[in-house]
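Note sheet for the following structure.
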Number of protein chains: 2
Amino acid sequence: MSELSEDDRAAVSELRGAVMRLSRRLRHQRVDESLSPTEMAVLATLARCGSATPGELARKEHVQPPSMTRIVAMLEAKGLVHREPHPEDRRQVVVSRTEQADAMLAESRVKRNAWLAQLAEGLTDEERAVLREAAPVLEKLAHL
Amino acid sequence: MSELSEDDRAAVSELRGAVMRLSRRLRHQRVDESLSPTEMAVLATLARCGSATPGELARKEHVQPPSMTRIVAMLEAKGLVHREPHPEDRRQVVVSRTEQADAMLAESRVKRNAWLAQLAEGLTDEERAVLREAAPVLEKLAHL
DNA sequence: ACTAGGTAATGAGCTAAGCTAACGAACGTG
DNA sequence: CACGTTCGTTAGCTTAGCTCATTACCTAGT
């Protein structure tokens, strides 16, 4: 809420570059071969929220509604998600995950941990502590 | 170095989601309309290093060489970069930025600061401090 | 009750930005 | 001096988002 320091500007500039590069690597080194990072993110959101409409998901993932329609269609085709009409508003659709999705999320968590263990070997304990603190802040930033 | 704690796993999982969403927003809310984030990043790298070959740039940006060829071609077409034969190895090409690129970088820094000021209003001083610390770590992570 | 306007999801078509495979020119080494 | 290697590039493909247009449905005003 106060003025940005010169350090802040430099840091966020660095942040910008790092986030772009890191996202490219994450996109490439995906944990589960058959699922795009965004599809994965949608499943994670559904794991947090239980169920949601495509519009809500689009807003949460910062994607346009038509894109979310495609993503949900993909997930449904893969049997990971399940669409049913909204009880009160028949325009809307309620998306929720299947048991297969839960199994997939659990399995993928195992794989991801293996990959993370390997990646985190290059960081010191202090650096990991920094990231642990930074994660929620980045989350907040992404939703601002 | 040491074993990953449960907190670490949760944090990096959160990190993954945040980085993906944030990168999407960065890609969209670009500071300079006519330049993609990656082109911007290449110019920034050239600002740090002075000049480099396409191969070096590709490695630094974690992009395949053909992609870098396209990016450099774009930048050259826009008059922001300038290719000349390597003095000793005639296979290689040396890429360096033009005065126009320097002007553009300066101008874009102003715009970016305005955008950042607005974005950072939603964060507390503590959160900004966390990000300031986290930026170099993410940079390191991106290059691991 | 009916119509006007707004909102949700979707369909169609486009674009951006990466990738791989294949190639030609230039280098260095047995 | 010929052979494999490295560098940049070309060609063509894929993915994952976007916009614009459409359809179905809800809601408020008359």
Side-chain angles (χ1 to χ4, degrees), chain A residues 17 19-30 32-43 51-78 81-96 142, chain B residues 17 19-30 32-43 51-78 81-96 142:
Chain A
V19 165
M20 290 314 299
R21 277 188 284 269
L22 197 52
S23 78
R24 240 180 339 251
R25 299 198 68 191
L26 280 172
R27 197 169 287 276
H28 200 259
Q29 304 208 5
R30 57 185 60 165
D32 188 299
E33 284 306 322
S34 64
L35 239 49
S36 86
T38 308
E39 289 172 331
M40 207 55 204
V42 168
L43 282 187
S51 64
T53 70
E56 287 168 351
L57 288 172
R59 278 187 292 276
K60 282 187 213 225
E61 299 299 329
H62 292 288
V63 156
Q64 293 303 305
S67 306
M68 190 48 73
T69 292
R70 279 179 69 82
I71 292 165
V72 168
M74 275 293 177
L75 289 174
E76 191 182 26
K78 289 170 186 164
V81 119
H82 153 253
R83 297 161 16 109
E84 45 188 343
H86 193 285
E88 291 161 11
D89 186 340
R90 271 180 298 175
R91 290 171 303 179
Q92 301 191 46
V93 169
V94 175
V95 181
S96 51
Chain B
V19 166
M20 291 313 299
R21 278 187 284 268
L22 198 52
S23 77
R24 238 178 345 250
R25 298 198 68 191
L26 281 173
R27 195 170 287 278
H28 199 258
Q29 305 207 4
R30 56 186 61 164
D32 189 298
E33 284 306 321
S34 64
L35 238 49
S36 86
T38 308
E39 290 173 331
M40 208 54 206
V42 169
L43 283 186
S51 65
T53 70
E56 287 168 350
L57 289 172
R59 277 188 293 277
K60 282 187 213 227
E61 299 299 330
H62 291 288
V63 157
Q64 292 305 305
S67 306
M68 191 48 72
T69 292
R70 280 178 69 83
I71 292 165
V72 168
M74 275 293 176
L75 289 174
E76 192 183 27
K78 288 172 186 165
V81 120
H82 148 253
R83 296 159 18 108
E84 46 188 344
H86 192 285
E88 290 161 12
D89 186 340
R90 271 179 299 175
R91 290 170 303 178
Q92 300 190 47
V93 169
V94 176
V95 181
S96 51

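None of the values given here were measured: they were computed from a predicted structure. Letters A, B, ... are given to chains in the order of the sequence lines, protein chains preceding strands, and every chain is numbered from 1.
The distance from atom CZ of Arg21(B) to atom P of dA16(D) is 17 Å, rounded to the nearest whole Å. dT6(D) atom P lies 16 Å from atom CD of Glu56(B), rounded to whole Å. Put simply, CE on Met74(B) is 8 Å from P on dA16(C), counting in whole angstrom units. As rounded to whole Å, 16 Å separates atom P of dA16(C) from atom CE of Met20(A). Whole-Å rounding puts the Gln64(B) CD to dT10(D) P distance at 17 Å. We find that CG of Leu35(B) is positioned 13 Å from P of dA16(C), with the value rounded to whole Å. A straight line from NE2 of His62(B) to C1' of dA17(C) spans 17 Å, rounded to a whole angstrom.
Place Pro65(B) and Arg24(B) on DNA chain D by their nearest nucleotides, and Pro65(B) ends up nearer the 5' end. Map Glu39(A) and Arg90(A) each onto its nearest nucleotide of DNA chain D; the residue landing nearer the 5' end is Glu39(A).
Val63(A) and Met68(A) get closest at one heavy-atom pair: CG1-N, 3.8 Å. Heavy atoms only, all atoms of each residue included: Glu61(B) and Arg21(A) are closest at OE1-NH1, 3.2 Å. Counting all heavy atoms, side chain and backbone alike, Pro54(A) lies closest to Val93(A) at CD-O, 3.2 Å. Nearest heavy-atom pair across Pro87(A) and Val94(A) is CD-CG2, 4.5 Å. Between Val81(A) and Val72(A), the shortest heavy-atom distance links the atoms CG1-O, 4.1 Å.
With sequence neighbours left out, the ring pair (Phe, Tyr, Trp, His ring centres under 6.0 Å) criterion links His62(B) to His143(B).
Contacts of Glu88(B) with the nucleic acid, taken as non-hydrogen atoms under 4.0 Å apart, involve only primed sugar atoms and P, OP1 or OP2.
Taking 4.0 angstrom as the limit, Ser36(B) places none of its side-chain polar atoms (N or O) nearer than this to OP1 or OP2 of dA16(C).
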Its contact letters, B for base, S for sugar-phosphate only and - for none at protein heavy atoms under 4.0 Å, make nucleotides 3-8 of chain C read ---BBS
Output, in order, the C-alpha distance, side-chain angles, deciding distance and verdict of side chain to side chain contact (heavy atoms under 4.5 Å, CB included) for Ser23(B) and Arg24(A). CA-CA 9 Å; Ser23(B) 77; Arg24(A) 240 180 339 251; over 6 Å; no
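At a threshold of 4.5 Å between non-hydrogen side-chain atoms, the residues Ser34(B) and Glu39(B) do not count as touching.
Within residues 66-73 of chain B, the residues approached by DNA chain C to less than 4.0 Å at the level of any non-hydrogen atom are Pro66(B), Ser67(B), Ile71(B), in residue-number order.
Sparse packing is recorded around NZ of Lys60(A), with 12 or fewer heavy atoms of other residues, nucleotides or ligands lying under 6.0 Å away.
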